[in-house]
Amino acid sequence: MSGQSWRITPARRVRGVWRPPGDKSITHRAVILGLLSRGATEIKNFLEADDCLRTLQMAQQLGAQAERLGAARWRIGGRGDEPLREPTEVLDAGNSGTTTRLMAGVLASHPIFSVLTGDASLRRRPMRRVVEPLQRMGARIDGREAGSRLPLAIRGGELRAIKHLSPVASAQVKSCILLAGLRAAGVTEITEPTLSRDHTERMLRAFGATLEVQICSEGAHRVRLRGGQALEAQRLTVPGDFSSAAFWIAAALLLPGSDLTIEQVGLNPTRTGLLEALAQAGVHLEWSTLDEQAGEPIGTLRVRSQPLGAMHVGGALIPALIDEVPILALIATQAHGTTEIRDAAELRVKESDRIETIATELRKMGAQIETLPDGLRVHGPTPLHGAEVQSYGDHRIAMTLAIAGLLAHGETLIHDTACVQTSFPEFETLLHELVERE
Ligand code: S3P
């Protein structure tokens with residue numbers, strides 16, 4: 001998605017009480033498990049953003065009945081024991097890596113032929129990490145660059161369980177293999193070097209599946225799932241998206257006099273690494289876990305502006321804040337000292353090469369940032385000034401630059417902001433609703 005631009009003028013502060021839109025990762029999974037279940041799944045606080053609507057459309061192409069019951073409320077009629085319908089058209093995941101990799105596991109485990117593709121950014125992203133294990137399970141898959149890139153042609157069928165040792169902590173890889181494993185003969189086992197977001201494990205349990213989770217030596221995590229388990233439809237409410245909230249946490253922290261309360265936000269510890277990084281910076285945030293939604297902890301966060309110190313972020317913390325690194329880099333420009341973010345080479349294969357794109361664009365606004373092969377070094381605090389910048393079609397880069405524009409002196413012009421529709425359509429409205437101007 002390309003086009004559109006935003007002019008951002010400096011803000012005075014952010015204030016208010018706000019409930020973030022539904023979590024992107026969890027909405028994808030609710031649709032996919034709904035598709036595979038017996039009965040009708042009802043989803044409230046569904047994130048009606050482009051990425052999740054791609055998953056929904058794909059589920060419909062595979063034979064799910066989907067009905068919109070109201071704003072952010074959907075009913076998905078599952079296939080249950082019926083096989084998935086062979087799609088007559090190419091399946092287009094747009095910009096969504098989660099749609100592609102999770103659906104690849106579903107497609108590979110059903111006796112149908114399908115072709116999976118996406119936009120220019122997604123067609124550059126690595127797919128070998130899911131293609132290779134699915135081939136070992138018995139699926140026939142081919143694609144560009146020896147099966148490393150979309151489009152992929154998938155002939156699914158009867159699979160056998162495998163033991164897979166993933167070299168990266170990736171929830172998309174883990175989820176792909178678990179979804180394929182649901183229909184494989186035997187017990188599928190996936191081990192990752194550190195724990196990535198565990199929404200699939202939690203939601204599979206909520207839909208009635210049994211799985212075993214084990215912590216191995218040196219922090220590695222293993223999940224085991226027996227094939228042939230049926231899923232039962234559920235009613236669920238998607239928690240607020242912590243990754244979307246992160247942009248406003250940053251704005252409230254960095255704009256003096258801010259006071260923002262964020263309600264019903266997902267506080268799954270595999271997602272809230274940003275809070276740990278901020279604790280290192282000496283930030284005190286008030287938060288409480290109040291309830292559970294869809295097997296996920298949710299709660300309230302209150303953010304008030306305060307000074308920050310430098311952070312050293314790496315190792316097992318990285319998967320828990322991987323999508324927050326662009327906004328963390330911006331926060332670090334205002335922290336006292338030199339922040340280092342390491343062990344984050346995965347950022348190079350996201351919607352853009354986020355190590356390069358965030359450093360290049362924040363430098364245009366006056367930030368002092370060095371790129372490292374696996375991360376960033378940010379020197380702070382530095383005052384930011386308005387500039388003409390671009391998103392590279394990456395939603396999280398666009399939104400980080402918008403928050404930077406609120407802090408900067410003068411006007412910031414951000415090109416190519418339509419991509420924000422992939423995860424956070426409401427973001428632009430909030431630039432007016434939560435922000436007080438001079
Ligand atoms: C996601 C997993 C992460 C994350 C992405 C969403 C998911 O990707 O960056 O935005 O929903 O499973 P990886 O699994 O590639 O790390």
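For reference, positions follow the sequence shown, starting with 1. Numbering of ligands and ligand atoms starts at 1, following listing order.
- Near Ala171, the atoms of ligand 1 lying under 4.0 angstrom from a non-hydrogen atom of the residue are 12 (O), 14 (O).
- Close N/O approach between Ser175 and ligand 1 is not found [any backbone or side-chain N/O within under 3.5 Å].
- Ser175 and Arg101 form no side-chain donor-acceptor contact under 3.5 Å, judged by distance and modelled atom types alone.
- For Lys350, the closest heavy-atom approach to ligand 1 falls below 4.0 Å.
- The shortest contact between atom 11 (O) of ligand 1 and any protein heavy atom is with Ser25 OG, 2.7 Å.
- Listed by number with element, the atoms of ligand 1 under 4.0 angstrom from any heavy atom of Asp323 are 4 (C), 5 (C), 9 (O), 10 (O).
- Checking His28 against Arg54 by side-chain atom types alone, no donor-acceptor pair falls below 3.5 Å.
- Arg68 has a carboxylate O that lies under 4.0 Å from a charged side-chain N of Glu48, or vice versa, which qualifies the two as a salt bridge.
- Below 3.5 Å of separation, one finds an N or O of Gln172 facing an N or O of ligand 1.
- Taking only nitrogen or oxygen atoms, main chain and side chain alike, Ser170 reaches within less than 3.5 Å of ligand 1.
- Residue-level proximity to ligand 1 for Arg197 is carried by the side chain, the only part with a heavy atom below 4.0 angstrom.
- Glu212 pairs with exactly one of Arg222, Arg224, Arg205 by the salt bridge (Lys or Arg N to Asp or Glu O under 4.0 Å) rule, that one being Arg224.
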How far apart are the C-alpha atoms of Trp6 and Leu401, what are their side-chain angles, what is the distance that settles it, and do they pass the side-chain contact (heavy atoms from CB on, under 4.5 Å) test?
CA-CA 10 Å; Trp6 289 340; Leu401 295 171; over 6 Å; no
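- Comment: Lys174 does not engage Asp198 in a salt bridge, judged by the lack of any side-chain N to carboxylate O separation of less than 4.0 angstrom.
- The option from Arg101, Arg29, His199, Glu351 that lies nearest to atom 7 (C) of ligand 1, judged by heavy atoms, is Arg29.
- Side-chain contact, Glu42 with Trp74: no donor N or O sits under 3.5 Å from an acceptor N or O.
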